[in-house]
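Data first, discussion second: the structure below is written as structure tokens.
Heavy atoms only: backbone and side chains are in, while hydrogens, waters and symmetry mates are out. Order of the sequence lines sets the chain letters (A, B, ...), proteins ahead of strands, with each chain counted from 1.
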2 protein chains.
Amino acid sequence: METRELRYFVAVAEELHFGRAAQRLGIAQPPLSRAVAGLERRLGTLLLERSSRGVTLTGAGAVLLREARAALDAVEAAERRTRRAALAATGHPTVVLAAKAGASGELLAKLLDAYAAEPGAVAVDVVLCGPGEQARLLHDGRADVALLHRPFDDTAGFDTEDLHTEGQVAILPAAHPLSARPHLRLAEVTDLPDLPLPRWPHPDGTFPDGPGPQVRDHTQLTQLIALGRACAVVPESGSTGLREGLTAVPVPDAPHVTTVIAWPPHSHSTAVAALVRAATDL
Amino acid sequence: METRELRYFVAVAEELHFGRAAQRLGIAQPPLSRAVAGLERRLGTLLLERSSRGVTLTGAGAVLLREARAALDAVEAAERRTRRAALAATGHPTVVLAAKAGASGELLAKLLDAYAAEPGAVAVDVVLCGPGEQARLLHDGRADVALLHRPFDDTAGFDTEDLHTEGQVAILPAAHPLSARPHLRLAEVTDLPDLPLPRWPHPDGTFPDGPGPQVRDHTQLTQLIALGRACAVVPESGSTGLREGLTAVPVPDAPHVTTVIAWPPHSHSTAVAALVRAATDL
DNA sequence: GACGGCGATACCGCCCGGGTATCGGTGCTG
DNA sequence: CAGCACCGATACCCGGGCGGTATCGCCGTC
């Protein structure tokens with residue numbers, strides 16, 4: 001199987017439409033049909049169920065979609081890591097660290113300071129990304145190391161070290177009746193009819209259905225809470241330096257959040273190893 | 001990057017010789033030279049240092065070799081898992097379990113029994129393989145789940161559950177003076193001039209250099225020890241039912257061995273999940 | 001029953017991957 | 001030191017396959 005075929009199949013499986021997929025790939029529709037048919041012939045199985053009104057995935061097709069994405073990520077990672085290795089050999093070596101925007105601010109600052117103080121430290125490019133994006137960056141080679149947050153992020157397939165565990169707090173408008181309470185139960189916060197939980201975008205940019213307002217970053221979130229249009233449950237460290245009009249109330253029965261540092265297995269980078277050591281020694 | 005190019009590069013990087021690599025690939029040497037040159041051109045870096053006497057890897061080349069192997073494994077896994085998904089949909093679904101030949105015999109038997117007793121259990125193909133081969137099988141899709149042994153096997157990149165931990169014992173000829181001792185220190189066993197540790201083959205079939213005899217399986221090992229030509233340090237469970245003339249002596253300071261069950265992250269197979277559950281409930 | 005949307009098929013041209021022949025450089029050897 | 005053997009690169013040619021356009025077959029919808 002060639003990566004071209006996998007890319008073609010993934011495009012069709014995602015669009016569920018040969019025409020749109022072909023457009024996305026920048027080719028015409030017939031070669032795309034042929035390529036997928038060839039894949040099916042060589043695998044000896046149907047991957048897509050064609051009706052005259054579009055396309056659906058078969059069971060084998062669903063498996064291949066998942067596996068092909070992983071394989072294409074691995075190929076992309078190979079290309080990117082090789083490029084970066086070549087760059088590091090001639091120019092200035094760097095490490096790319098992925099972190100969720102608006103999270104772990106203080107920990108991140110301390111980590112960068114601690115690492116920079118080490119002998120032989122190289123430049124660290126910090127990539128701030130959306131929730132759940134860190135794993136993708138690590139998988140496809142755009143990042144060398146990442147800060148993840150269990151249980152929200154999926155750490156499967158990486159080597160990790162735990163850095164820090166903390167409880168969660170509810171962020172409420174200071175004027176809200178619940179904000180005077182010493183602590184809250186999770187159930188009390190998750191279905192307040194007047195203060196729905198906001199909806200975060202999926203990695204593809206779409207939003208899940210639901211009653212809450214759509215938010216894209218931490219600023220929007222605090223603003224919406226201050227306006228009395230939403231509430232949120234966030235790790236304690238996300239409640240430092242709250243703006244006027246917001247209150248943080250502990251939620252003891254919310255799952256604890258562990259910040260972990262993660263890197264691809266078999267990473268041979270000494271810089272990543274030093275960064276991990278600096279992180280665990282914090 | 002196409003998988004063809006990666007396969008070609010890996011062949012050259014492993015052989016360090018364009019001619020032999022071409023022969024292995026079943027093509028002529030000139031197209032191979034061109035393909036690698038094209039890869040280098042597009043990556044903008046030298047991957048191989050050519051001298052008139054053979055070839056050496058550059059730093060970037062070493063990175064690409066490692067990454068390309070992982071990527072090709074992922075592509076192979078995609079193909080195999082799709083094939084198996086198609087098979088499972090029409091015929092009889094199976095799970096492939098990889099285990100080291102001659103290890104964990106009793107645990108494996110109990111696991112298979114426990115799983116077979118569960119409702120909805122599917123057929124389990126047990127693949128017995130050489131030391132360290134299980135991870136490869138899991139990576140490239142030939143196996144769905146494996147029994148590994150820490151710290152010998154590399155569990156990086158898999159989800160795992162610990163099953164069993166045990167100490168190690170030295171296997172000695174009954175006539176050897178040390179066999180009467182109640183226990184031994186590891187250092188006492190590892191450099192006995194009269195009983196060297198045997199050499200196990202690498203995954204590629206070659207043997208490391210050293211004084212000990214070459215062995216390929218457990219039978220050869222016990223035979224050599226009985227002949228007074230070698231000794232070995234193995235997990236306790238590997239010493240049950242020893243043949244006449246062999247003695248097992250505990251080695252308390254040898255690292256403990258943990259048998260773990262491992263599977264690829266993001267496995268969606270219910271059969272694998274049931275097998276893991278049966279294993280942890282043993 | 002005509003139309004429109006969608007995937008498959010037919011057919012064509014061209015690029016690229018693979019083949020043979022040969023060159024250039026280098027270390028070994030008598 | 002000349003000759004040689006070895007190894008990778010280059011030159012050149014050929015054919016298959018990939019991508020393009022045109023068209024068909026199928027079906028749901030006015």
Next on the checklist: With a 6.0 Å cut-off (strictly less than), is the heavy-atom count around CD of A:Gln23, excluding the residue itself, greater than 12?
Outcome noted: no
Next on the checklist: Reading DNA chain D from 5' to 3', where do the contacts with chain A start and stop? Cut-off is 4.0 Å to heavy atoms.
Outcome noted: D:dC18 to D:dC27
Item to check | Atom pair distance, as rounded to whole Å: CG in A:Leu39 and C1' in C:dG7 | outcome: 17 Å
Checklist entry - Is the count of non-hydrogen atoms from other residues, nucleotides or ligands lying under 6.0 Å from A:Glu15 atom CD greater than 12? => result yes
Checklist entry - Which of these passes side-chain contact (heavy atoms from CB on, under 4.5 Å) with B:Arg81: B:Pro264, B:Ser267, B:Ser269? => result B:Pro264
Next on the checklist: If I take atom CZ in residue A:Phe9 and atom P in nucleotide C:dG7, what distance separates them, rounded to the nearest angstrom?
Outcome noted: 14 Å
Item to check | CZ (A:Arg83) with more than 12 external heavy atoms under 6.0 Å | outcome: yes
Item to check | Value in whole Å for how far the P atom of C:dC16 lies from CD of B:Glu5 | outcome: 12 Å
Next on the checklist: Is a donor from one side chain sitting under 3.5 angstrom from an acceptor on the other, for A:Asp159 and A:His266?
Outcome noted: no
Checklist entry - Which whole-number value in Å describes the distance from A:Glu40 CD to C:dG7 C1'? => result 12 Å
Checklist entry - When you measure from every atom of DNA chain D, which of residues 15-38 of chain B have a heavy atom less than 4.0 Å away? => result B:His17, B:Phe18, B:Gly19, B:Gln29, B:Pro30, B:Ser33
Item to check | Donor-acceptor pair between B:Gln223 and B:Thr219 side chains, under 3.5 angstrom | outcome: no
Checklist entry - Does a side-chain N-to-carboxylate-O contact under 4.0 Å join A:Arg50 and A:Glu40? => result yes
Checklist outcome for this item: Here the distance between atom C1' of C:dG5 and atom CZ of A:Arg50, to the nearest Å, is 17 Å
Checklist entry - When you check the gap from the basic side-chain N to the acidic O, do A:Arg34 and A:Glu5 get nearer than 4.0 Å? => result no
Item to check | Rounded distance in Å - CZ (B:Arg4) to C1' (C:dC16) | outcome: 9 Å
